[in-house]
There are 2 protein chains.
Amino acid sequence: MPAAKRTEPPRRIRIAHPAPVVDGGRYAPKRTVGDTVDVQADIFRDGHEKLRAVVKYKAPGGRRWLEAPMTHLDPHVNGVRWGGSFTVETTGTWQFTIEAWSDVWATWHDELRRKVEANLGEDLSGELSEGVVLLTNSGSKHPAVKEALETLEDPQATPQAKYDAALGNELFEAMEAIQTRRGKTTLDKSLPLEVDRVKARFGAWYELFPRSWGGLKETEKLIPELADLGFDVLYLLPIHPIGRNKRKGRNNSLIAGPDDPGSPYAIGAEEGGHDAVHPELGTQQDVVDLCKTAHRHGMDVCFDLALNASADHPWLTEHPEWFQQRPDGTLKYAENPPKSYQDIYNFNWDTEAWESLWQAWLDIVLHWVKAGVKFYRVDNPHTKPFPFWEWLIKEVHKVDRDVVFLAEAFTKRAVMQELAKLGFTQSYTYFTWKNSRWELTEYVNELAHGEEREYFRPNFFPVTPDILHAYLVHGGPPAFVTRLVLAATLSPSYGIYSGFEHFENVPVREGSEEYLNSEKYEIRERALDGPLLPMIRRMNEIRRENPALQHLSNVRFLDAQNDALIAYAKQEPGNTVIVIANVDPHHAQEGLVVIPAQLGLPPVFTVEELFTGDHFDWRIGGNYVRLDPGGNQTHVLRVL
Amino acid sequence: MPAAKRTEPPRRIRIAHPAPVVDGGRYAPKRTVGDTVDVQADIFRDGHEKLRAVVKYKAPGGRRWLEAPMTHLDPHVNGVRWGGSFTVETTGTWQFTIEAWSDVWATWHDELRRKVEANLGEDLSGELSEGVVLLTNSGSKHPAVKEALETLEDPQATPQAKYDAALGNELFEAMEAIQTRRGKTTLDKSLPLEVDRVKARFGAWYELFPRSWGGLKETEKLIPELADLGFDVLYLLPIHPIGRNKRKGRNNSLIAGPDDPGSPYAIGAEEGGHDAVHPELGTQQDVVDLCKTAHRHGMDVCFDLALNASADHPWLTEHPEWFQQRPDGTLKYAENPPKSYQDIYNFNWDTEAWESLWQAWLDIVLHWVKAGVKFYRVDNPHTKPFPFWEWLIKEVHKVDRDVVFLAEAFTKRAVMQELAKLGFTQSYTYFTWKNSRWELTEYVNELAHGEEREYFRPNFFPVTPDILHAYLVHGGPPAFVTRLVLAATLSPSYGIYSGFEHFENVPVREGSEEYLNSEKYEIRERALDGPLLPMIRRMNEIRRENPALQHLSNVRFLDAQNDALIAYAKQEPGNTVIVIANVDPHHAQEGLVVIPAQLGLPPVFTVEELFTGDHFDWRIGGNYVRLDPGGNQTHVLRVL
């Protein structure tokens, strides 16, 4: 005897393998406002009963579950997959579940139909008597129900007349409309969905050191031009006071000269810590003003959240319990031997005072959120505890759901995935090191079509102040063009760091990924006059004009019959963009880009090169392309 | 501030994607006694700390968790997968989990080693002071610890002497042996593993209608010969009293003649129901005797559990609440229109009296378990509720864990999978309809290497009393030989129904899968004298002599450069068997069976044909094979 007494037998319907889901519901798949969410599940039961199912969904803070119908996707192959969809209209945590039940009328209808069609001459009056009960119990006043009942209960009606009455379409629809949900079953628990603002998915970023541009007020003056160039996010390297003790000199030297400004990552001085502004850059009010101006131009300001302290950070004396002190009294500086950051101290995340430490960081972020900073590029999140980030991001989102966190973690794939799962809105990627056709194809296919597509949003940066790849060092301007087009067309979010448009590519020494005279350790004079800017402006325009470039999982790589040419199509309804890039910065390359029939294009079609305005006739099958570092290194083609 | 006050910060280690697991732990993977269970998981944390991990496991009813070490499987590719194993020695539900922690000494040791090796000339006395604390706090009396402490605390010792002392291997092992489990983390919940007797995985079945062999006593006399033929399970079609009302006649005719015995699936008559024995077959004591004799010969008896009632079943009057009555008072007979079973009534699984109905079936099974019947082939389990089966199998296993349930469900893949997941020990399969090379390759690869391998144990029957495939109808004896060898060598469990060894292949009409003069509706005179029996005997011997044939997931299909030849290798340590079968029953076929280097065989090796005793020289690469319906239709080769 089953342990617990129940009034009705346990549910017969199983709902399994729902999607979208991340780790069985432990984490939330990500979407952006306006997205249609495709929900699927295996739905089945024992026996031959007909099933019905709906998606039930609830908006953040909503009280009511809404419903969308699900349909059986693959009945013809004896499949059990059902699908339905709904649209998410606000940011925040949505919930969804699936409800399925047995459709008593449809089951009865189907059995009767099959028996009548088999025409075995059986007496079906038992079956018809069931139908009468179902119709009567429905309580429906629908004329089709009334009419059918009259025929079924008419002793004069022929069997065929009764079958016709019972199997009528109008009757079927009337009964379906009022069906009770027999044996109704739902998922054990509803599943979450995190919905972000659209800029969490689609945006162009520009990264700069404010001190190289004359401080915050001067940076604010760049906003109209940056907006005109098509940038959505202005990302500032840390703007806080910089430690003097153990300050680093130019080119990462251990001893700073008297005028060396130090690394902005060595945060904290007598002027303050993470909630302060470096006096030479400006004031708190300047941050507020900068953000206001940016918002007025449709842009956002991104801060660099580096959880480091210089030797002069006020917290070292105010909260020694937050730091790792050695038995001999020395502090541990940040390091990943043999790499060392002698000007930076780590926090001790295992401290017993962890709660006040966590709270202090939350206060810092909320301080800047209040000032108007809605984007945070987080430095090395993979060396701080996962539970901390999960908590911090949730707490910040309680105050302002529009805040975006970009994880700067270049580490094990599983760790990068975990950070994305637990809440980081976007992530840096391995893109910077993927330069050949096969590397890019493999990696982007994984991001776009693998399990990560549900929660890991890449942001492709061709360079960062830490990473100047040998491909750019040796490839020169044609390499920069290729990398720009790849970053901006493969990933809906991409960004450049302000040396990029100048083709800056001299490393501190051969084989190093560090820049010579890196801005991390010295002030450079910068202006928005790089020779690549016109192309960048047009690239950003193209991205905005073509919805296909605003998504990731719509990419399909194409054969180009030449390993030096990478080609792919991206498609959204009514918009097909085909990109071809020469990944060889030294030689012209030619090939045949193969358009497969599955793209759904006509046999012959016209494409427009979106940078040059040229028109070409293309077709399903091979299309000749020649790309030349001396002329066009890429094609971005829109199908007309 | 986090909601709940805690004394230490939340765990930093993540343990994800453990295996083996079925649907996140909702169901139990299956193993058999003596199996080594390979456990894996992704294990990682933030930062660069060194991790350690163990599998913890507990035997059924056990009180203590035992531990087995895990090792990092792919550190060289920055992977996070760890693996370990343990052996299951008894039947029942085992539990396992994974525990991981940060290894403080190894982390310290690794950082110091990297710094010393980088040889940056830094002052490492801070690092060494940490080492002293770790050694002192360990409380170890190990001489290596004592010795290292002396050097580290000796003001006269050189830095190099201190590094050598700190980084010594003996010291490392001493410290590893006594490490505390810092930041210890386990899976949220332990995972189940169902362990069955070996015969649940590996066995040869013989299926017969006892009435065609003279009843239970005569059937008992077959046991020594069946055991000698190599059979492990004797499967009896239902032996209960058969209804007279609406009894079916020969060849499924709706009207039975006076001497027609009826279908044994129309269970129940005035002589009793599912707990009774048909008086013409024998007595309850005969069942007990049969089981005793079978067990004495190492065999088991399997009953056919059909949850049907004839119109004369005692329960129809004793428990009308268990049946589906129509509004007009008629009962619903079993059907899947246009197929009808007019002699059989369905139970109403939605009855309010479901608890007494469930209990009645449990009582029936336990009645026969008590008589010695440990195997149950369950008729159409997919038309009864999933929760019922999950409960029934668990309850039976509480009484006798050796009971085996074989699901006879030919239906949607997802439903067959669900039955296997919820507890059925074995399952019938689509094998009967897979006759071409590609069909077999695809299907067996799915079963052997897909997710189902964890819980779905196939039992391959070339025929059943319900299914005579056209391949056998048109292929004749060569087709029977091929199907026997495929069933017996692809699947560890296989079975034949007693017309098979006589090459019985006449359908009731062309295009039907029903036998002419099916034993389901009439009594046939049977004896163990079929012409295929000598080959079957040898086949069973070969299966017992070759461990490779006792497992499923060790199969690897081989190219034979001819679509009419199917070839595969199965390997266990020290035993490689290569099988080639001609799936064309009409023509000789030749090909080159390609042995890949990955099998680990020497460049040239000798194989023995296990039916003929012939020896051949084979090699890595192509090996010529010719199979002829007139001579050898298959090769079963053992690598010597």
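Per chain, numbering begins at 1; letters A, B, ... match sequence-line order.
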*Asks:* Angle between ring planes, B:Phe386 versus A:Phe44, binned at 30° and 60°: parallel, tilted or perpendicular?
*Replies:*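 Ring orientation, 0 to 90° scale: perpendicular.
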*Asks:* Hey, what's the ring geometry for B:Trp358 with B:Trp354, parallel, tilted or perpendicular (30° and 60° as the breaks)?
*Replies:* perpendicular
*Asks:* Apply side chain to side chain contact (heavy atoms under 4.5 Å, CB included) to B:Gln324 and list each qualifying residue two or more places apart in sequence or on a separate chain.
*Replies:*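 By the side chain to side chain contact (heavy atoms under 4.5 Å, CB included) rule, B:Gln324 matches B:Lys332, B:Asn346, B:Asn348.
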*Asks:* Heavy atoms only, distances under 4.5 angstrom: which of B:Arg45, B:Arg26, B:Glu127, B:Arg413 has the most pairs with chain A? Name it, please.
*Replies:* B:Glu127
*Asks:* With a 4.5 Å cut-off on heavy-atom pairs, point out which of B:Pro387, B:Gly47, B:Pro385, B:Ala409 contacts chain A the most.
*Replies:*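 So the answer, after comparing B:Pro387, B:Gly47, B:Pro385, B:Ala409, is B:Pro385.
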*Asks:* Only pairs of heavy atoms separated by less than 4.5 Å count here; which of B:Arg182, B:Glu130, B:Arg326, B:Lys412 has the most with chain A?
*Replies:* B:Arg326
*Asks:* Just jot down the side chain to side chain contact (heavy atoms under 4.5 Å, CB included) partners of B:His17, sequence neighbours excluded, or say none.
*Replies:* A:Asp23, A:Lys421, B:Asp42, B:Arg81
*Asks:* Looking at chain A, which one of B:Glu49, B:Lys394, B:His382, B:Glu418 has the largest number of heavy-atom pairs inside 4.5 Å, strictly under?
*Replies:*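 Among the listed options, the one with the most contacts to chain A is B:Glu418.
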*Asks:* Nearest 0.5 Å please: distance from the OG atom of A:Ser138 over to the CG atom of A:Leu149.
*Replies:*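 The OG atom of A:Ser138 sits 7.5 Å away from the CG atom of A:Leu149.
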*Asks:* Counting only non-hydrogen atoms closer than 4.5 Å, does B:Gln325 touch chain A with its backbone (N, CA, C, O), its side chain (CB onward), both, or neither?
*Replies:* neither
*Asks:* Against chain B, label A:Glu117 side chain, backbone, both or neither, depending on which of its atoms sit under 4.5 Å from a heavy atom there.
*Replies:*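 It is neither, since no heavy atom gets under 4.5 Å.
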*Asks:* Tell me, side chain or backbone of B:Arg113 under 4.5 Å from chain A's heavy atoms, or both, or neither?
*Replies:* neither
*Asks:* Could you walk me through whether B:Trp322 and B:Ser356 pass side chain to side chain donor-acceptor pair (under 3.5 Å), step by step?
*Replies:* CA-CA 9 Å; B:Trp322 291 347; B:Ser356 62; 3.0 Å; yes
